[in-house]
Amino acid sequence: MKKNTQCVHSGTYTDPETKGVNTPIFTSSSFEYMDIPENIYPRYFNTPNQKSIIEKLCALEKAEDGLIFSSGMAAISTAIFSLLQSGDHIVLQKDIYGGTHHFATAEFDRFGIAYDFVSNTMDDIEKAVRDNTKIIYIETPSNPLLVITDIEAVTGFAKSKNILTIIDNTFATPINQNPVDFGIDIVIHSGTKYIGGHSDICCGVVVASRTLIERMKATAANLGGSLNAGTCYLIERSLKTLGIRVDRQNKNALTIAKHLRTNACIKKVYYPGLETHEGFDIAKKQMRAFGGMVSFELNDKKVNPHQFLKNLKMIKPALSLGGVETIICAPVATSHAKLTDDQRAKLGITDELLRLSVGIEDADDIITDIEQAI
Ligand SMILES: *Cc1c(COP(=O)(O)O)cnc(C)c1O
């Protein structure tokens, strides 16, 4: 099956009695155990609603097995803590999600996990690797500058050194990019974003080989970041339209990125689908389309970023991303607020940088709102 068909059909649990076309919501936290092959319990990641969405997500990401979590950070922290122990080393791309960056700097030292943040060039990644390096962690396109990392180059090197690779595929979605095709071991999503898609759900996803998921499952049960059946069903419902939502967001974002480039009050536009973007050639190699995220820098001599945000009428300055409505945020005040000025400067995040999460509205209306606000 192709992507849109998988979105609709993969993983659906057919109730044998009623033959309803949708997966029923199994509200139980208590399941009988006699004559049942395994003990079923929400925190064991094996209830019917959890398994239904995992099956759909595995189909979409071409992975064998997976786990659904109560947040993206639960997915990220569980994956990392289940695979590392005291004395191990992890290499992380420096321009990753601010929360993941903060997770590393706030927690790893206490557990004796050594880490290095590096640029996304192979030179820097190879230089950072030590004898005890167990994981290379990347995010492409990255947040908020849409930096593109060559997935195949990273996994080729990692395999030669017996190092596991993890990718945060949140921005791309499985519609635009399947990292498993390029040799990635573990794919993570903040399902709060495009997978939920309506700004009303918090969840996280890990998919990988069956062997790796088995390794992670025991720690996952201990850390307990599982997800309830009602939210699982909402995600199943959201996933049915993932393909058509993302397709629309891809088209809107490209139109808007091209338009923003023509405005003299905008200094710089970041979008991996523009030929002028640094990572365009690699993006074309590993992505089917370029996603719904566009970042841009206002010319602060002409426009005050704070006033610009206040002037917007339809587009709300808001946290998070990936919903059907267009929203905007200043990373300095949101995703990267916990970083020091120095850390932000190193990442290229200025006070004038804005990140647009493009929705499914008509592109003309989004452009009109930005123009009037400028
Ligand atoms: C939001 C986000 C996360 C964290 O997900 P939560 O659901 O907020 O815990 C991780 N990675 C990326 C790229 C994100 O955008």
Side-chain angles (χ1 to χ4, degrees), residues 53 57 61 66-81 92-107 117 120 135 137-149 151 166-177 179 184 186-207 220 223-228 231-232 234-235 238-239 246 249 253 270 272 287 290-295 318-323 327-331 333-339 347 349 353-359:
I53 31 178
L57 286 159
E61 279 293 17
L67 300 166
I68 180 87
F69 292 90
S70 53
S71 73
M73 286 313 302
I76 291 165
S77 57
T78 302
I80 290 177
F81 278 154
L92 305 114
Q93 187 180 322
K94 70 180 162 68
D95 24 33
I96 49 173
Y97 174 68
T100 312
H101 195 285
H102 189 246
F103 166 58
T105 55
E107 309 290 347
F117 284 107
N120 67 338
I135 295 175
Y137 185 106
I138 62 170
E139 187 176 316
T140 180
S142 74
N143 179 36
L145 293 176
L146 293 321
V147 170
I148 302 293
T149 299
I151 303 173
I166 302 184
I167 191 170
D168 185 330
N169 204 33
T170 301
F171 273 36
T173 80
I175 303 300
N176 291 332
Q177 176 171 281
I184 283 280
I186 297 154
V187 181
I188 292 181
H189 285 276
S190 167
T192 312
K193 316 297 165 52
Y194 290 98
I195 286 172
H198 297 71
S199 308
D200 56 1
I201 284 171
C202 197
C203 76
V205 180
V206 174
V207 296
L223 295 178
S226 58
L227 192 62
N228 67 79
T231 309
C232 282
L234 276 176
I235 295 160
S238 289
L239 281 170
V246 169
Q249 285 164 313
Y270 299 89
M287 301 181 82
F290 305 103
M293 300 302 296
V294 180
S295 291
L319 297 178
S320 199
L321 61 108
I327 57 169
I328 194 164
C329 79
T334 56
S335 58
H336 291 68
K338 286 203 174 82
L339 274 61
L347 296 174
I349 295 165
L353 181 74
L354 297 172
R355 188 194 76 184
L356 192 69
S357 169
V358 177

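Order of listing sets the numbers, starting from 1, for every ligand and every atom in it.
Under a 4.0 Å criterion applied to the non-hydrogen atoms of E139, ligand 1 contributes the atoms 13 (C). Applying the 4.0 Å criterion to heavy atoms of S71 picks out, from ligand 1, the atoms 7 (O), 9 (O). When each atom of ligand 1 is checked for a heavy atom of M73 under 4.0 Å away, the hits are 5 (O), 6 (P), 9 (O).
Closest to atom 14 (C) of ligand 1 among all protein heavy atoms lies K193 NZ, 2.9 Å. The protein non-hydrogen atom at the shortest distance from atom 8 (O) of ligand 1 is Y97 OH, 4.0 Å. Atom 5 (O) of ligand 1 has its closest protein heavy atom at S190 OG, 2.9 Å.
For E61, the side chain to side chain donor-acceptor pair (under 3.5 Å) partners at least two apart in sequence or on another chain are N169, N178, H189. Y194 meets the ring pair (Phe, Tyr, Trp, His ring centres under 6.0 Å) test with no other residue; sequence neighbours excluded.
The N/O atoms of I76, backbone and side chain alike, include none that comes under 3.5 Å of an N/O atom in ligand 1. The distance criterion of under 3.5 Å between nitrogen or oxygen atoms is met by T192 with respect to ligand 1. Note: an N/O pair closer than 3.5 Å links G72 and ligand 1 by distance alone.
Within the 4.0 Å heavy-atom criterion, neither part of I96 lies near ligand 1. At a heavy-atom distance under 4.0 Å, no atom of N143 approaches ligand 1.
Here the side chain of T105 pairs a donor or acceptor atom with the backbone of H102 at under 3.5 angstrom. Put simply, the side chain of Q93 gets close to the backbone of E139: a donor and an acceptor are under 3.5 Å apart. Listed for the S190 side chain is no donor-acceptor partner under 3.5 Å among the backbone atoms of T170.
Taking the six-membered ring where the residue is Trp, the centroids of F103 and F81 are separated by under 6.0 Å.
Judged by the shortest distance from any of its heavy atoms, D168 lies inside the 4.0 Å radius around the atoms of ligand 1.
With rounding to the nearest 0.5 angstrom, the CE atom of M293 is 4.5 Å from the CG atom of L321.
Of the options L347, D95, L353, a side-chain contact (heavy atoms from CB on, under 4.5 Å) to L145 is made by L353 and by none of the others.
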